[in-house]
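Data block below; observations after.
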Amino acid sequence: MPIRRQISDIICETIGESAAPGRAQLDEVAAVDYARDPAYGDLTTPVAMRLAKQTRQKPREIAERIAQAIRDAGERLGGAVRRVDVADPGFINIFLARGYWLRLINQVIANGPRYGRSDVGKRRKVQLEFASANPTGPLSVAHGRQAALGDVLANIMKFIGFDVSTEYWVNDCGGQIDKLGESVYARYLRALGEKSAAVPPDGYHGDYVAEIGHDLAVKEGRRYANMPPQDAVDELGRLASERILQEILSDFEQFGIQYDNVFSQRKFEAEGHVGQLLQRMQRMGLTYEQDGAVWLKTKEQGDAKDRVLVKGDGAWAYRLSDVAYHEDKFMRRFERVVNLLGPDHHGHIRTMQAAMSALGHDVSAVRFLVVQHCTIIRGGRKVKMSTRSGKMVTLDEVIKEVGADVARFFFLIRKTDSHLDFDLELAKKQSLDNPVYYIQYAHARIASILRKAQESARLDPADLTRGVYTGGSKDDLEALEDRDIALAAKLGRFGAVLEKAGLELEPHRLTNYLQELAAEFHNYYTQCTVVGPDERLTRARLRLVSAVRVVVSSALHLLGVHIPEVM
RNA sequence: GCGCCGGUAGCUCAGUCGGACAGAGCAUCGGAUUUCUAAUCCGAGGGGCGGGGGUUCGAAUCCCUCCCGGCGUGCCA
């Protein structure tokens, strides 16, 4: 159990259950955080002030009582605590013992890639749906941001013990695909020389549509031109969307993303699920007919208005399939469902929640995470985008321009609520401006130290296990100095960061942490020489920087960013 | 009009369920290399958190209100 939690438990025991209505609440009240300033120790908690309000006691007195309890639990904490201070108006500041940090370094070395893992997810089944782009055109940077976030969230959540499954819901039928079919059909006819054929104004105008039309004309000749136009449009819509889907999946792969499941709306509908749901909702009395359309009563479940499920022309609204799809997630027994979507779909969230609630599902199990817009900055200017017109910056272009590592990192660096300015020039700079290289460089430097140590025969290659120094003895760490301990202390926070990032769905916490850790290391590097005259100190520091390497490479691995040995 | 997100240093943004003097990177200015990669490090100046009111021992964080920006408010998806 992490030291934070151990101490938190002691506080809970001291203050008793009376302090909060439930165990979960009590844990929150008694939460112990890493201190932001070394002057406040390693760990700190404002629990006494929180309690003072409820119990009308003096915070200082409560703090003293808790502080004493922590001191008294010294043995139980394995001597991890060196000193407990109480500061005005009632902060409890905990200083961890040197021995604790030395043990931590050895733990990191011993656990390697497993260090930082936990079981807070309790193997709960989680489904993560993200970047479900319509197969009507190339992926945009907005999809790229969602994809990077979804992928990394999946990695982090697995790491902290969730049973995660990722999914791409493909809207491969319906009105958009008809539009695509019409657009391709027009381009196809033009490629055959029919000058009068034109893409409808609300169709897809991108170059890729012309390319598909042209290819079909070359390969299939007049085959589609000889069909009844509506049949040709249907057929071409299907063909084009399949082709575009393949390109999308290959772009995702190039971006380091592979879905566990690609879920086709067309197949889903063809299997009858959607029709069945419609009938069921009608039987349940959740719908009514008006103006020739079938409406779902979402307003009484909190939506702004009722919504159309079946349009006046008898066609299913997209919404119907989406409701069926979301319900299907419950049928597949996911305990938690996370859905990443763009800000242009946030109006849809209420409707889905209302529908799930009407169907009797636990809405709180579904979390919709709105990922705000991503603006591309080129030459200091925002680039305007629009999918329909084909004027857009595609994910593919960005990857080609700055590389997948940099693209991923930039997408992850801000919290999802914030708009993201993606400056292409900045991303391309291989300099201190670019946080990705800054972090990767920290890793490369450590790798370099270990190489140099081998070259100078200070390190026996046999003592290197997967790039980590495991030689000498654990007691060597006794030689470490204060500056070394400060670096080690940073490693201790890794688990807490991951937990927070995974549970709160905030991957930017990991990128922030990594930047801090890299900064700490670079600073350390200029202050301390690892391979020095003192044999024992050298062995100790080889251990320490190896531990840093373990955490940096774990974190980069979770982010899906390459881990360079040399730069 | 209503709904969602945002408004923190010149710029881009963090800020641990409200907590200890408001932070980082970039930009600006000044320094550091006979020592494991200077894609690095150190230092300085710079904001009081969109405006106003409120709750609190304590507010950038909560409440109210106003202003500004983005998005939504389809029988499109």
Side-chain angles (χ1 to χ4, degrees), chain A residues 25 28-29 31 33-37 39-40 44-46 49-50 52-53 59 87-91 93 132 134 136 171 174-177 179 202 265 290-295 304-305 307-319 321-322 342-350 370 372-373 375 377 380 413-421 423 426 429-438 440-442 444-453 455-456 458 496-497 500 504 508-509 511-512 515-516 518-519 521-532 538 541 545 566-567:
Chain A
Q25 293 269 332
E28 282 193 6
V29 171
D33 291 315
Y34 282 99
R36 58 177 54 159
D37 186 323
Y40 305 139
T44 184
T45 175
M49 272 97 76
R50 289 181 185 149
K53 191 171 283 180
D88 281 325
F91 288 102
N93 296 331
S132 291
N134 286 354
T136 52
N171 306 134
Q176 301 301 320
I177 301 301
K179 287 269 179 308
D202 58 347
Q265 181 185 354
Q290 188 182 305
D291 305 329
V294 179
W295 297 70
K305 52 178 280 198
R307 307 287 178 173
V308 169
L309 291 178
V310 182
K311 296 183 262 187
D313 63 2
W316 288 342
Y318 161 76
R319 190 174 294 114
S321 296
D322 208 17
D344 48 335
H345 287 78
H346 80 252
H348 191 56
I349 296 173
R350 278 266 167 84
V370 177
Q372 292 296 332
H373 268 313
T375 312
I377 312 272
I413 209 163
R414 304 299 178 209
K415 58 181 183 196
T416 54
D417 288 341
S418 293
H419 291 223
L420 174 69
D421 278 357
D423 189 326
L426 173 62
K429 278 193 200 169
Q430 294 200 8
S431 69
L432 65 161
D433 304 2
N434 192 321
V436 189
Y437 297 119
Y438 183 82
Q440 290 181 319
Y441 185 48
R445 270 186 150 173
I446 295 171
S448 169
I449 292 171
L450 295 170
R451 271 195 308 273
K452 278 280 155 58
E455 286 166 16
S456 59
R458 299 292 298 280
V497 168
K500 197 95 181 173
E504 307 290 325
H508 74 280
R509 289 177 181 280
T511 55
N512 283 359
Q515 291 187 79
E516 283 174 28
F521 172 75
H522 284 309
N523 175 288
Y524 171 85
Y525 182 89
T526 57
Q527 289 180 27
C528 301
T529 305
V530 175
V531 182
T538 296
R541 286 186 167 164
V545 296
V566 185
M567 283 177 78

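Order of the sequence lines sets the chain letters (A, B, ...), proteins ahead of strands, with each chain counted from 1. For clarity, every value in this text was computed on a predicted model and none was experimentally measured.
Taking A:His346 as the reference, A:Ile349, A:Val370 meet the side chain to side chain contact (heavy atoms under 4.5 Å, CB included) condition, with sequence neighbours excluded. Remark: A:Phe521 engages A:Ala442, A:Arg445, A:Ile446, A:Ile449, A:Leu487, A:Tyr524, A:Tyr525, A:Val545, A:Val548 in a side chain to side chain contact (heavy atoms under 4.5 Å, CB included) (not counting sequence neighbours). Applying the ring-ring contact (aromatic ring centres under 6.0 Å, His included) test to A:Tyr40 and every residue at least two apart in sequence or in another chain returns nothing. With sequence neighbours excluded, the residues satisfying side chain to side chain contact (heavy atoms under 4.5 Å, CB included) with A:Arg307 are A:Thr298, A:Asp303, A:Ala304, A:Lys305, A:Arg319, A:Thr351. Residues forming a side chain to side chain contact (heavy atoms under 4.5 Å, CB included) with A:Asp33 (at least two apart in sequence, or on another chain): none.
Closest contact between the side chain of A:Lys311 and the listed nucleotides B:rA38, B:rC75, B:rC71 involves B:rC75. Here B:rC75 is the nucleotide among B:rC75, B:rC76, B:rU40 with the atom lying nearest to any side-chain atom of A:Ala293. Of the candidates B:rC21, B:rA38, B:rG74, the closest approach to any side-chain atom of A:Asp37 belongs to B:rC21.
Side-chain N/O atoms of A:His346 and base N/O atoms of B:rG3 include a donor-acceptor pair closer than 3.5 Å.
Straight-line distance from the CE atom of A:Met567 to the C1' atom of B:rA38: 13 Å, rounded to whole Å.
Among the atoms of the strands shown, only primed sugar atoms or phosphate atoms (P, OP1, OP2) are found under 4.0 Å from some heavy atom of A:His522.
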Generate the contact string for nucleotides 13-20 of chain B. Rules: B means base contact, S means sugar-phosphate contact only, - means no protein heavy atom under 4.0 Å.
SSSBBBBB
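Separation of the C1' atoms belonging to B:rA14 and B:rG47 is 15 Å when rounded to the nearest angstrom.
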